[in-house]
**Student:** 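This is the structure I want to talk about, given as structure tokens.
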Amino acid sequence: MKKTVFLGALTLSGLAAVAASAGTLDDVKARGILNCGVTTGVPGFAAPNASGEWEGFDVDVCRAVAAGVLGDPTAVEFVPTTGKTRFTALASGEIDMLARNTTWTFSRDVDLKFEFIGVNYYDGQGFMVPKELGVSSALELDGATVCIQTGTTTELNLADYFRSNNISYEPVPIETGAEAVQQYNAGACDVYTTDASALAAQRANFPDPSAHVVLPEIVSKEPLGPLVRHGDNEWGDIVRWTLNALISAEELGVTSVNAAGLAADGSNNPEINRLLGTESNLGEQLGLDADWAKRAIEAVGNYGESFARNIGESTPIGLARGLNASYLDGGLIYSPPFR
């Protein structure tokens, strides 16, 4: 039975300071379970499969952290959160980290006292409409009804975009992506707006995806990534460098298949050896063992493997790498060096 957390008059930042002071790494190790906040369900990013097991691109970040810290990628309790509940869940300590298509913004970083540990998907807000509406541009949406998830950056971006273009709209507030899809498909709104990646993910599950169009306009910057509470730098470092390990592994050609062999046989590339724990003491500096990053990579694959398996062009989601290609291929995905 879950405990009820009484928030009272405490602010999110106050809750974060209290929760972070406990030492999240010690809590996770003592519990033997990583509590990871995810979305209520976005196909390809985080959703239960037919067996009820959570899987997806964001889920892989949670499992990688669990593999590195606990030695078991399945030692995760996934906590579904909405746009409104996610920050309270993190600030109060109900979850240890949030890996839920959350945009890194100034106010969330500074005012709400959270620490974004990196970007695992560069996105932007888009618009989806039924093809039969006959609309080819968001500028043609004057007077439209728009399904919009409350408590999100998309809500603010929508208002800014329509105001700056001197067009009007009628918001249809919703709480979750599933509710948005239900309302949109029921005709309760003309338009569904959210991150373009989520639009692609939701449309892939429609009975007839071709009957819906994602309009060309991208109206915002949405750098999405995992976050933790301010005040627990040790835990922040662990989550940050786990994500960096997956990114660096792709850069270095380390995969879920060859990681064990490279660790056993050694490499002529010193950074691979440092990443896999056969040289230096990077794991010890994090409060972990030498094999933490190797376990994370073996559990979910490198960044490119995870992308391709969950949301890549060969999946129903069908997303191209684009900005999320490695910097080696002209993208923005880039890891600081392991040294």
Side-chain angles (χ1 to χ4, degrees), residues 2 19 22-39 44-81 89-90 93-100 117-118 120 225-229 232 234-250 254-264 274-278 281-307 309-310 338:
K2 286 191 175 181
T24 308
L25 176 60
D26 291 341
D27 289 347
V28 171
K29 285 183 172 180
R31 191 190 307 128
I33 291 287
L34 172 72
N35 293 329
C36 195
V38 291
T39 181
F45 286 86
N49 62 21
S51 302
E53 299 170 340
W54 283 85
E55 58 184 22
F57 190 60
D58 288 332
V59 165
D60 277 359
V61 178
C62 305
R63 294 202 185 280
V65 172
V69 173
L70 299 171
D72 181 0
T74 69
V76 185
E77 177 73 24
F78 292 101
V79 180
T81 63
L90 181 58
E94 181 184 355
I95 57 177
D96 305 308
M97 59 178 287
L98 183 64
R100 181 205 178 279
I117 56 83
N120 74 326
L227 56 154
V228 298
R229 293 176 289 274
D232 190 342
E234 180 183 25
W235 180 246
D237 286 344
I238 288 170
V239 180
R240 175 181 300 107
W241 284 97
T242 299
L243 175 60
N244 284 337
L246 304 183
I247 294 170
S248 189
E250 181 180 21
V254 180
T255 70
S256 56
V257 175
N258 67 17
L262 286 169
R274 289 191 292 269
L275 174 67
L276 297 178
T278 58
N281 65 339
L282 301 187
E284 181 183 338
Q285 292 176 43
L286 286 173
L288 304 176
D289 63 16
D291 293 335
W292 66 278
K294 179 174 75 71
R295 288 195 300 272
I297 297 162
E298 288 179 314
V300 303
N302 64 36
Y303 179 93
E305 288 179 280
S306 178
F307 191 105
R309 181 176 66 252
N310 291 297
F338 278 73

**Student:** Provide the closest heavy-atom pair for A99 versus D58 in the form atom of the first, atom of the second, distance.
**Tutor:**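 In this case the closest contact between A99 and D58 is O-CB, 3.3 Å.
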**Student:** Provide the closest heavy-atom pair for P80 versus W54 in the form atom of the first, atom of the second, distance.
**Tutor:** CG-CZ2, 3.8 Å
**Student:** Between R240 and D237, is there a side-chain N and carboxylate O pair less than 4.0 Å apart?
**Tutor:**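 Here R240 pairs with D237 in a salt bridge, since their nearest N and O are under 4.0 Å apart.
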**Student:** Less than 4.5 Å apart, side chain to side chain, heavy atoms only: is that true for W235 and V28?
**Tutor:**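 Yes; the side chains approach each other to less than 4.5 Å.
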**Student:** Using atom types as modelled and distance alone, determine if a side-chain donor or acceptor of S51 lies under 3.5 Å from a backbone N or O of E53.
**Tutor:** no
**Student:** Measuring from F307:CZ to D60:CG, what's the distance to the nearest 0.5 Å?
**Tutor:**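 Reported value, rounded in 0.5 Å steps: 12.5 Å.
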**Student:** Which pair of heavy atoms, one from G32 and one from A75, lies closest together, and at what distance?
**Tutor:** O-CB, 3.7 Å
**Student:** Is R274 reaching over with its side chain to a backbone N or O of F338, donor-acceptor style, under 3.5 angstrom?
**Tutor:**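 Yes, R274 side chain to F338 backbone: donor-acceptor pair under 3.5 Å.
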**Student:** So D96 and V228, side chain to side chain contact (heavy atoms under 4.5 Å, CB included) or not? Walk me through it.
**Tutor:** CA-CA 7 Å; D96 305 308; V228 298; over 6 Å; no
**Student:** Less than 4.5 Å apart, any side-chain heavy atom of L246 and any of S306?
**Tutor:**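 A side-chain contact is absent here, since even the closest heavy-atom pair is not under 4.5 Å.
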**Student:** Write down the atom of C62, the atom of V76, and the distance for their closest heavy-atom approach.
**Tutor:** O-CG2, 4.0 Å
**Student:** Looking only at heavy atoms, what is the nearest atom pair of P226 and V61, with distance?
**Tutor:**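 That closest heavy-atom pairing would be CG-CG1, 3.8 Å.
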**Student:** Among K294, E284, R295, find the one that has a side-chain contact (heavy atoms from CB on, under 4.5 Å) with D289.
**Tutor:** R295
**Student:** Hey, could you give me the CG/CG distance between N281 and L286, rounded to the nearest 0.5 Å?
**Tutor:** 10.0 Å
**Student:** Which residue is it: E305, E298, R309? I am looking for the one with a side chain to side chain donor-acceptor pair (under 3.5 Å) to S256.
**Tutor:**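 That would be E305; it is the only one of E305, E298, R309 passing the side chain to side chain donor-acceptor pair (under 3.5 Å) with S256.
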**Student:** Side chains of V38 and F45, heavy atoms from C-beta outward: is any pair under 4.5 Å?
**Tutor:**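 Counting from C-beta outward, V38 and F45 never come under 4.5 Å.
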**Student:** If you round to the nearest 0.5 Å, how far is CZ of R100 from SG of C36?
**Tutor:**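 It comes to 12.0 Å.
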**Student:** Keeping Y303 on the side-chain end and N120 on the backbone end, is there a donor-acceptor pair under 3.5 Å?
**Tutor:**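 Side chain of Y303 to backbone of N120, a donor-acceptor pair under 3.5 Å: yes, one is there.
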**Student:** I want to check something: taking the side chain as every heavy atom from C-beta on, are I297 and L276 in contact at a cut-off of under 4.5 Å?
**Tutor:**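 The answer is yes, as the side chains (C-beta and beyond) meet within the 4.5 Å cut-off.
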**Student:** Roughly how far, to the nearest 0.5 Å, is the CD1 atom of I238 from the CG atom of L25?
**Tutor:**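 If I round to the nearest 0.5 Å, the distance is 4.0 Å.
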**Student:** Measure the shortest side-chain to side-chain distance between V300 and P73 over non-hydrogen atoms and say whether it is less than 4.5 angstrom.
**Tutor:** no
**Student:** Could you tell me whether the side chain of F78 reaches within less than 4.5 Å of the side chain of E55, counting heavy atoms only?
**Tutor:** no
**Student:** To the nearest 0.5 Å, what is the distance between OG1 on T278 and CG on D291?
**Tutor:** 9.0 Å
**Student:** When rounded to the nearest 0.5 angstrom, what is the spacing between CG in L70 and NZ in K29?
**Tutor:** 8.5 Å
**Student:** Shortest non-hydrogen contact from A89 to T81?
**Tutor:** CB-CG2, 4.3 Å
**Student:** State, with a plain yes or no, whether a side-chain heavy atom of T24 is found less than 4.5 Å away from one of R229.
**Tutor:**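 SC-SC contact between T24 and R229 confirmed.
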**Student:** Can L34 and V69 be said to form a side chain to side chain contact (heavy atoms under 4.5 Å, CB included), step by step?
**Tutor:** CA-CA 9 Å; L34 172 72; V69 173; over 6 Å; no
